[in-house]
Number of protein chains: 2
Amino acid sequence: MQKEVTIYDIAKQLQLSPATVSRALNDHPAINSNTKTIITSKALEMGYRSNMFASNLRRQRTNTIGVIVPRLDSAFMSTVLAGMEKVVNESNYNLIISQSLESIKKEVTNAKTMFDSRVDGLLVSLSSDTENLDHFNAFFRKGIPLILFDRVVQQKNCTNIVIDNLKAGYDATIHLIEQGCKRIMHVSGSLKRNVYADRLKGYRLALLEHGLPGGDELERSTNLTRQDGLDIAAYIKRMPTPPDGLFVSSDFCAVSCMGALKQSGFSIPNDIAVVGFNNDPVSLVIDPTLTTIHYPGQEMGEIAAQSLINHLNGLLRLSATNTILLNYDLIVRGSSQRVKLA
Amino acid sequence: MQKEVTIYDIAKQLQLSPATVSRALNDHPAINSNTKTIITSKALEMGYRSNMFASNLRRQRTNTIGVIVPRLDSAFMSTVLAGMEKVVNESNYNLIISQSLESIKKEVTNAKTMFDSRVDGLLVSLSSDTENLDHFNAFFRKGIPLILFDRVVQQKNCTNIVIDNLKAGYDATIHLIEQGCKRIMHVSGSLKRNVYADRLKGYRLALLEHGLPGGDELERSTNLTRQDGLDIAAYIKRMPTPPDGLFVSSDFCAVSCMGALKQSGFSIPNDIAVVGFNNDPVSLVIDPTLTTIHYPGQEMGEIAAQSLINHLNGLLRLSATNTILLNYDLIVRGSSQRVKLA
DNA sequence: CTGAAAGCGCTTACAG
DNA sequence: CTGAAAGCGCTTACAG
């Protein structure tokens, strides 16, 4: 365990003061550029690495950003985190990542851990259980910025980064209507979460505009698990008049439901046309491939992290009512395509 | 932005020295237990939280553990990380997580970032590209412990936590043989990685023991992507004598391959029986459901983190040749079950 | 453009 | 069982 090189060691070797070395290493404008060159090359030669802890202690900030997500095991979240890592590394920040596993209890614990780690800022996507942001009050009180992404809640002090889920739900439903569906069912997740509540609203709006039937019988709120997909298929089978269109707020659940529907003798897309959400790789594995809504995870991660860092560096004032909307695409595949192209 | 409470503030209020407060808060044995009670309750009352940076600076350790994984977007990795988080939180450590996205280049960058963050120890599962552990030399030189899990490489200084992949590959193949398969194909991943190389060896051993045909035509090394699954299906279709059994080292790839095989008219399991690996949720979504090898991610994560922390706390000497083997299970499902139960 | 000095908030060897 | 004092490695207001 060799001894660490400090700025004092560099200073001694170069007959300079530690203050000058510190400034040079931080690219302070007042330092002679020649001196800078000498110092940085000496630092490199001696294998110097800055002691973050001393620096953080002195500066009273940590250069660390906390991330809390519901789960890590989706392709979407993985690309979001890749985007965040990219930005954060370039900006000399660090990332602490934790998952709430869709439980408010774990989210509260995670928030506490993040607080005790004194993160400079927080990037959060809410668990399906979460009712409010009370567990982040300690952050608000200290003025630590919080950015919500994807699963958000409107609140002053919080920037939100989302897609227009209402419009996306509307578009998905309109697509089914265009394929000739007259009786469209929607399977959503926890309606506490904007992503599911808004998609449901979009679905309702589209039905309303086209005078199509809706209501309780055609709206199911679930946890979007595999089992929920099977249950929905069983439910559909029992219906006196089954739907001819199905919009599910998650690809994984949609795929499991499709499997069960096929086994029950439904033909897809002709008996029931199906649209999912998220463009998960699983959407390409099923036969027919699943129509879905795609939105850019990498970009969402980059924008969230960059906004937070800009705010921390004073380059951007996160205003109270700031919402950043990203684009999405409807990707039409076999599960919904009845109208053949010319 | 209210001022932070320090041990000096507590000391002043209680007419004690900061040294005593520090010791009490760290549960030092020399401190009167009555004094401890007074101090801890005062600390709580005043909203004290320890300043990690001052403490780390003084102690010369960070209480931070780094994790580098190939990808975050698998159910398996998500549970591994949940296990690590659990142990780490209980032990008052912090976790820094990063993904290499299967690229040695990114893995090198991640290692450097971890080194500069002065992690006390490292938990790593290697990217498919990685040739050796040279990029961890800085850690070895400083005596920073490194534990490899799942995707490992034999090297002194490194504890490995794995399942017996050779035996698992053997078991998977034997299962196919027991179902009557006479011509079994194996699709593996990068043979630089133990997990894939060992499963291949197990497959070969099983064939050898039963005098079944093997060789180049029946062994494919791929990246185990969806596209690879489709390519394998196309390859099988073109074979003069297609296999009647298929063992794929990844559920996701197996499922995509099954889909394409079914479309080409193969009946599963009767024409081709299929076994995957990892017990990914996707294995339950396909029809028929996929036979697979399950192994415990949560436990692997917990053991990896606990071993590292025990080592750091001097409770366990990680010996040079330490390998910890976990159990696994063969889960038989429809994709391979030809022999009906009585 | 460079330096001397104080201080960030802890921990711990030494002393009593 | 408790305290005084030094020091971990930086940064920065102040001075020149």
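What's counted below: heavy atoms across the whole structure, side chains too, no hydrogens, waters or symmetry copies. Every chain is numbered from 1 and lettered A, B, ... according to where its sequence line falls, protein lines coming before strand lines.
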Distance check needed: [N] [atom2] versus [X] [atom1], whole Å only.
X       : N      : atom1 : atom2 : result
B:Ile39 : D:dT2  : CD1   : C1'   : 10 Å
B:Tyr48 : C:dG9  : OH    : P     : 10 Å
A:Asn51 : C:dG9  : CG    : P     : 16 Å
A:Leu57 : C:dA6  : CG    : C1'   : 13 Å
A:Lys12 : C:dG3  : NZ    : P     : 15 Å
A:Ile10 : D:dG9  : CD1   : P     : 13 Å
A:Arg59 : D:dT12 : CZ    : C1'   : 11 Å
A:Arg61 : C:dG9  : CZ    : C1'   : 19 Å

Looking only at the side chains, is there a donor atom on one of B:Gln306 and B:Asn310 sitting less than 3.5 Å from an acceptor on the other?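 Result is yes, a qualifying pair exists.
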Could you check whether B:Asn56 and B:Thr62, counting side-chain N and O atoms only, form a donor-acceptor pair closer than 3.5 Å? no
Can you list the stems that DNA chain D is part of, where a stem is at least 3 pairs in a row, each Watson-Crick or G-U, with both distances below 3.5 Å? C:1-3 with D:14-16, C:5-12 with D:5-12, C:14-16 with D:1-3
Got a donor-acceptor contact below 3.5 angstrom from the [X] side chain to the [Y] backbone?
X        : Y        : value
B:Asp116 : B:Thr113 : no
B:Lys36  : B:His28  : yes
B:Ser103 : B:Lys105 : yes
B:Lys106 : B:Gln99  : yes

I want to verify a distance call: between [options], whose nearest atom is closest to the [X] side chain?
X       : options              : value
B:Ser17 : C:dA4, C:dC10, D:dG3 : D:dG3
A:Ala54 : D:dA5, D:dT12, D:dG9 : D:dG9
A:Thr20 : C:dG3, D:dC1, D:dG9  : C:dG3
B:Gln60 : D:dC10, D:dG3, D:dC8 : D:dC8
A:Arg23 : C:dG3, D:dC1, C:dA13 : C:dG3
A:Asn32 : D:dT2, C:dT2, C:dC10 : C:dT2
B:Ile31 : D:dA5, C:dT2, D:dT2  : D:dT2

Considering just the side-chain nitrogens and oxygens of A:Ser55, establish if one lies under 4.0 Å of OP1 or OP2 belonging to D:dG9.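 For D:dG9, OP1/OP2 do not have a side-chain N/O of A:Ser55 under 4.0 Å.
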Should B:Thr35 be listed as having a side-chain N or O under 4.0 Å from OP1 or OP2 of D:dT2? yes
Do the ring planes of A:Phe115 and A:Phe139 sit parallel (below 30°), tilted (30 to 60°) or perpendicular (above 60°)?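 The rings of A:Phe115 and A:Phe139 stand perpendicular, inter-plane angle above 60°.
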Sugar-phosphate, base or nothing in reach of [X], heavy atoms under 4.0 Å:
X       : result
A:Ser22 : base
B:Tyr8  : base
B:Asn26 : sugar-phosphate

Return yes if the base of C:dG9 and the side-chain atoms of B:Arg49 contain a donor-acceptor N/O pair under 3.5 Å, otherwise no. no
With DNA chain C as reference, determine whether B:Thr6 or A:Leu16 sits nearer its 5' end, using the nearest nucleotide of each.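 The residue closer to the strand's 5' end, by nearest nucleotide, is A:Leu16.
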B:Leu308/B:Tyr93 under side chain to side chain contact (heavy atoms under 4.5 Å, CB included): CA gap, chis, key distance, verdict: CA-CA 11 Å; B:Leu308 184 59; B:Tyr93 275 77; over 6 Å; no
